[in-house]
Amino acid sequence: MILKTLYSFLKKLYVYIFIKDYRKPSHISHRRIFISYLSEPFYKESDIKYMNKHQNRQETLIMRNTFSELGFSSHFRRFDKVMILPGKYDTIFGIEPNFIRASKANKKAIKIYYATGAYHSHQNKMVKERTDYFNLTHNTNIPYLRMVKPHESCELADRIIQIGSIFTLKTYPVFLQNKITTIRQSCHTFHFDDFLKRKFKSVQSNHFIWMGSQGSILKGLDIVIDYFLQHKEYVVHIIGTIDECVYTYYKEKINKTDNIHLYGFLDLDSASFEKLALRSAFVIMPSASEGMPGSVINLMKLGCIPIVSHYSAFNEIQDYGYLMDSITIDSLHSCINESQQLTQNDLRNKIENCFVFANSNFNNETFHEDLLKVFHEILNDFE
């Protein structure tokens, strides 16, 4: 507990001292916007490895350009950097906790919350339900991971801009849903040459990818591992972070099988990642709480067909992939069974459709287009 408190203090101190704010003035109007999100990307634009680690870094740069286009003078501050008395602003945008602090200090400002995941009470409920079920069925004592500290951002906000889908929107209380407008996220931009042509030559319909970060049980990794432990005829490639307690439980079982492969973090532009994406026909994400997972969209951009829960889905999922009716092994089994009935021609068509849809709809241009449009609508409503 003491070490955890010390780590938290040192992290806050580091952020306060070393993560500088970023300001961009406007010469066409007096509008001022405070953004509680990220500021570091403005000082690391040329660091490709840093920029590639998460799409929110590139999106921060797009926000700057969008707000300039709208005539705002922008002040970006990291969302968790200590802030006592923010200045006076016409508009507040971003995430907690600084979104809350700035909103309360600027009561007359237009307050726009930027939601990138499900509603916090939904996520906390699903963390508990999924973890309790795992502990009961696996005789473990895994703690609750990826719990969200309850906050009042949505209630304070005049509007909510949501990265997500109709399924994400339904995780919010009804009284908040009329505040929400969903937009498309950008995700990664790939530059692999002749990718589809090469994929058609190397893809194997029994190869799958799960790609995620912390919160393994919340994201359904346990369901994926349990399923593939039972079905050796299929191969799954697991990319990203696994919670240490979950890894400890599964380590011995995974070491005894040859159809479950762990890779840890992989650079999306690496040859290793490209090789896995070329081979794999499907991406699996049976998460219990998401906005719209960038991992799913990124792999669709590389022709992987999605097999996802409602919370990991996009609006058009039924046209491009498979929607699990519950977050269970049985539901995953049903979807995988259906996926294996595809003819070679149908498989190629689905791969190409996913590739075209994801690359056309989730990129820097569509993120800018959607963000600009919704801001125009909000500002017009308040004029």
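Reckoned from all heavy atoms, side chains included, excluding hydrogens, waters and symmetry mates. Numbers for residues simply follow the sequence, beginning at 1.
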Please determine, by modelled atom types, if [X] and [Y] share a side-chain donor-acceptor pair under 3.5 angstrom.
X      : Y      : answer
Gln214 : Thr241 : no
Asp21  : Ser39  : no
Asp132 : Tyr144 : yes
Asp269 : Asn52  : yes
Arg101 : Asn98  : yes
His138 : Asp226 : yes
Asp330 : Thr328 : no

Open item on the list: By the definition side chain to side chain contact (heavy atoms under 4.5 Å, CB included), identify the one residue from Ile223, Val224, Ile239 that meets it with Trp210.
Closed with: Val224
TODO: Look at atom NZ of Lys170 and say whether more than 12 heavy atoms of other residues, nucleotides or ligands are closer to it than 6.0 Å.
DONE: no
- [ ] Taking the six-membered ring for Trp and the single ring otherwise, decide whether the centroids of Phe190 and Phe195 are under 6.0 Å apart.
- [x]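 That pair fails the under 6.0 Å test.
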Task: Atom of Asp90, atom of Arg32 and distance for their closest heavy-atom approach - done: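 Distance-wise, the nearest heavy atoms are OD2-N, 2.5 Å.
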Answer yes or no: is there a donor N or O on one side and an acceptor on the other, between the side chain of [X] and the main chain of [Y], under 3.5 Å?
X      : Y      : result
Ser186 : Asn363 : no
Ser29  : Gly71  : yes
Ser287 : Ser312 : no

Open item on the list: Does Lys253 qualify as a cation-pi partner of Tyr249, given the criterion of NZ or CZ under 6.0 Å from the six-membered ring centre and within 45 degrees of its axis?
Closed with: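 That pair qualifies as a cation-pi contact.
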Task: Row check, Phe362 ring normal vs Lys301 NZ/CZ: under 6.0 Å, within 45° - done: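 No, cation not above the ring by the 6.0 Å, 45° rule.
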Task: Gap between atom CD1 of Ile62 and atom CG of Asn56 - 0.5 Å precision - done: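 Separation between the atoms: 11.0 Å.
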Open item on the list: Under the rule for ring pair (Phe, Tyr, Trp, His ring centres under 6.0 Å), what residues qualify as partners of His231, not counting sequence neighbours?
Closed with: Tyr227, His333
Open item on the list: Once ring pair (Phe, Tyr, Trp, His ring centres under 6.0 Å) is applied, what residue pairs with a partner in residues 147-169 remain, sequence neighbours excluded?
Closed with: Tyr113-His151, His120-His151, Phe167-His310
Open item on the list: Phe76 vs Phe42, test: ring pair (Phe, Tyr, Trp, His ring centres under 6.0 Å). Steps then yes/no.
Closed with: CA-CA 10 Å; Phe76 285 80; Phe42 300 112; 4.7 Å; yes
Task: Criterion salt bridge (charged side-chain N to carboxylate O under 4.0 Å, His left out) on Arg184 and Glu316, from CA distance to verdict - done: CA-CA 12 Å; Arg184 294 167 289 183; Glu316 302 85 354; over 6 Å; no
